[in-house]
Amino acid sequence: MRRQSAGQRSAAGHIWDSIVALGPEPDEHRYDISDPNGALRELLAGSTLRPDNSGPTTPYVPDLVSWPDVSQPPAPLLGLLGERGPAALRKWRRHVLRDSDEARQLRGGACPQGPCTDLALLRSPVDCASFRGAMVERRMLVFSPAHGRRGNMGIFSVPKKSGRLRVIFDARLANCAFADAPRARLPSASAWGRLETGGARISATSADLDAAFYHVQVPEGMGEYFALPSIAAKYLAPLGITVAGMTGEDLVLPQVVVLPMGFSWVLHLCQTVPQTSLCRAGFSPEALALDGHCGRQFSDDPASVVGAGYVDNYFVLGGSAKQVGQRLQAVTDDLVRHGHAVHELQAHSQDRDFLGLSLREGRWLSPRTRNIWRLRAAIRAATRRQAISGFLLRVLAGHITWALLLRRELLCILNATYA
């Protein structure tokens with residue numbers, strides 16, 4: 001037998017340590033004979049629409065809706081971004097809208113059966129008015145006389161991990177009016193995998209933006225493109241909502257004036273908010289964990305820190321625990337100063353889970369243990385079937401790709417197994 005080199009022994013030892021750290025397979029996946037598709041259903045639960053875009057996944061329950069804090073008004077998008085924001089947004093009608101003829105052609109085939117709306121809201125004008133009243137109270141919505149105009153968005157709910165409901169807008173028709181959004185640059189698993197600890201032990205900390213989408217007010221006039229179905233003025237009057245000259249059966253048009261989750265630009269714009277704040281707080285572009293950026297090696301130098309924004313979360317990692325906490329606070333102060341609401345500030349730690357990843361002992365970064373076992377069980381359930389849909393394959397491939405991107409060379413597994 002060929003004798004192993006020192007490098008081979010070190011690699012084999014690292015692999016074994018990783019297996020030991022993973023631990024035994026959880027009982028919920030080991031003994032899954034009675035429910036072989038449990039893990040698969042859990043992965044699919046993250047999809048907001050069914051494969052055919054047929055409708056909401058969770059019925060509307062008023063008391064479960066996760067609304068923004070009523071005491072915190074939406075912050076203007078242009079104010080959050082300041083001078084660092086894209087110049088195109090200041091003249092958005094010129095740079096962000098499509099040509100009107102092209103938009104008309106796209107609308108013809110975008111939504112043949114109309115936007116998706118929860119049946120509970122369609123069947124009850126009183127519940128529909130109450131829902132809109134809750135949005136008005138949080139300054140998410142304004143009204144204007146319909147004058148024959150019709151809404152171009154639907155509305156439904158999907159479950160959050162907490163059990164509450166997240167409001168989603170079916171904006172397929174509304175999106176036809178807008179040019180394609182720039183690609184959002186995110187801190188992918190590949191970006192995290194390119195970080196090297198060197199001789200340092202890394203501490204990580206993070207915070208969340210509260211209701212990130214619905215705390216951001218769109219530029220003036222853009223709400224005209226985000227209209228919900230019209231409603232008779234008589235249903236709004238008991239809520240204290242009036243529109244000049246509109247009474248009784250007169251129809252008024254609700255217009256959403258915050259970033260609607262479902263808008264084609266929403267990911268790019270929301271991702272830009274924490275990245276802009278990180279830069280204002282002193283992070284250079286090179287110190288941001290982003291897909292496509294070069295790797296970075298940490299050291300014990302207090303200045304050796306990396307920041308990242310991920311839509312409604314932001315993170316700071318570095319070799320100095322004190323510096324990590326101070327730099328996160330600087331980002332938080334900047335966001336609050338510009339009008340955003342922040343919650344769930346996490347204390348720095350060398351053992352932390354974030355974005356489906358797990359930092360251990362300040363040195364090792366891997367997919368969360370539970371996620372690895374769940375993905376394995378989902379793959380096992382899928383391979384027991386004689387056939388699977390393209391939708392299911394896309395969901396599985398997405399989760400597999402995210403995990404493999406932490407070590408990009410592992411993508412050869414997909415290359416070898418795809419027919």
Could you walk me through whether Gln105 and Asp101 satisfy the side-chain hydrogen bond (donor to acceptor under 3.5 Å, both in side chains) test, starting with their C-alpha distance in whole Å, then the side-chain angles of each, then the deciding distance to 0.1 Å, before giving a yes or no? CA-CA 6 Å; Gln105 289 180 347; Asp101 291 336; over 6 Å; no
Partner set under side chain to side chain contact (heavy atoms under 4.5 Å, CB included) for [X], not counting sequence neighbours:
X: Thr369; answer: Leu22, Trp373
X: Ser366; answer: Ser358, Arg360
X: Arg150; answer: none
X: Leu239; answer: Ala129, Ile241

With a 6.0 Å cut-off (strictly less than), is the heavy-atom count around CZ of Arg94, excluding the residue itself, greater than 12? no
Ring pair (Phe, Tyr, Trp, His ring centres under 6.0 Å) between Phe263 and Phe226, intermediate numbers included: CA-CA 9 Å; Phe263 175 35; Phe226 305 130; 4.8 Å; yes
Flag the pair [X] / [Y] as yes when at least one side-chain heavy-atom distance between them is below 4.5 Å, and no otherwise.
X: Met140; Y: Pro254; answer: no
X: Met222; Y: Leu77; answer: no
X: Val273; Y: Leu81; answer: yes
X: Trp192; Y: Pro187; answer: yes

Pairwise side chain to side chain donor-acceptor pair (under 3.5 Å) hits with a residue in residues 210-220, at least two apart: none
Show every side chain to side chain donor-acceptor pair (under 3.5 Å) that has at least one partner inside residues 225-253, sequence neighbours left out.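 Non-adjacent pairs meeting side chain to side chain donor-acceptor pair (under 3.5 Å): Lys234-Glu249.
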What pairs with Arg183 under side chain to side chain donor-acceptor pair (under 3.5 Å), at least two apart in sequence or on another chain?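 Residues passing side chain to side chain donor-acceptor pair (under 3.5 Å) with Arg183: Asp291.
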Please list all pairs meeting salt bridge (charged side-chain N to carboxylate O under 4.0 Å, His left out) that have one or both residues in residues 398-417, counting only residues at least two apart or in different chains.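 Listed by first then second residue: Arg407-Glu409.
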How about Ser144 and Arg149: does a side-chain donor come under 3.5 Å of a side-chain acceptor?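 There is such a pair between these side chains.
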Counting only N and O atoms by type, is there a donor-acceptor contact under 3.5 Å from the side chain of Asn152 to the main-chain atoms of Ala227?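 Confirmed, Asn152 side chain pairs with Ala227 backbone.
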Quick check: does any side chain N or O of Glu361 sit under 3.5 Å from a backbone N or O of Gln350, one acting as donor and the other as acceptor?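 Looks like no, no N/O pair under 3.5 Å.
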Please tabulate, for the side chains in residues 60-71, all donor-acceptor contacts under 3.5 angstrom to protein atoms that are two or more places apart in sequence or on a different chain.
{"unit_1": "Ser66", "atom_1": "OG", "unit_2": "Lys160", "atom_2": "NZ", "d": "3.2"}
{"unit_1": "Asp69", "atom_1": "OD1", "unit_2": "Ser71", "atom_2": "N", "d": "3.0"}
{"unit_1": "Asp69", "atom_1": "OD1", "unit_2": "Ser71", "atom_2": "OG", "d": "3.0"}
{"unit_1": "Asp69", "atom_1": "OD2", "unit_2": "Ser71", "atom_2": "OG", "d": "3.1"}

Listed partners of His268 passing ring-ring contact (aromatic ring centres under 6.0 Å, His included), at least two apart: Trp265
Contacts of type ring-ring contact (aromatic ring centres under 6.0 Å, His included), residue Phe298, not counting sequence neighbours: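 In terms of ring-ring contact (aromatic ring centres under 6.0 Å, His included), with neighbours along the sequence ignored, Phe298 is linked to no residue.
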For residues 311-326, please give each side-chain donor-acceptor pair under 3.5 Å, one per line with the distance, not counting sequence neighbours.
{"unit_1": "Tyr314", "atom_1": "OH", "unit_2": "Thr332", "atom_2": "OG1", "d": "2.6"}
{"unit_1": "Ser320", "atom_1": "OG", "unit_2": "Gln323", "atom_2": "N", "d": "3.2"}

Would you sort out whether Ser190 and Arg194 count as a side-chain hydrogen bond (donor to acceptor under 3.5 Å, both in side chains), showing the intermediate values? CA-CA 6 Å; Ser190 176; Arg194 283 195 291 270; 2.8 Å; yes
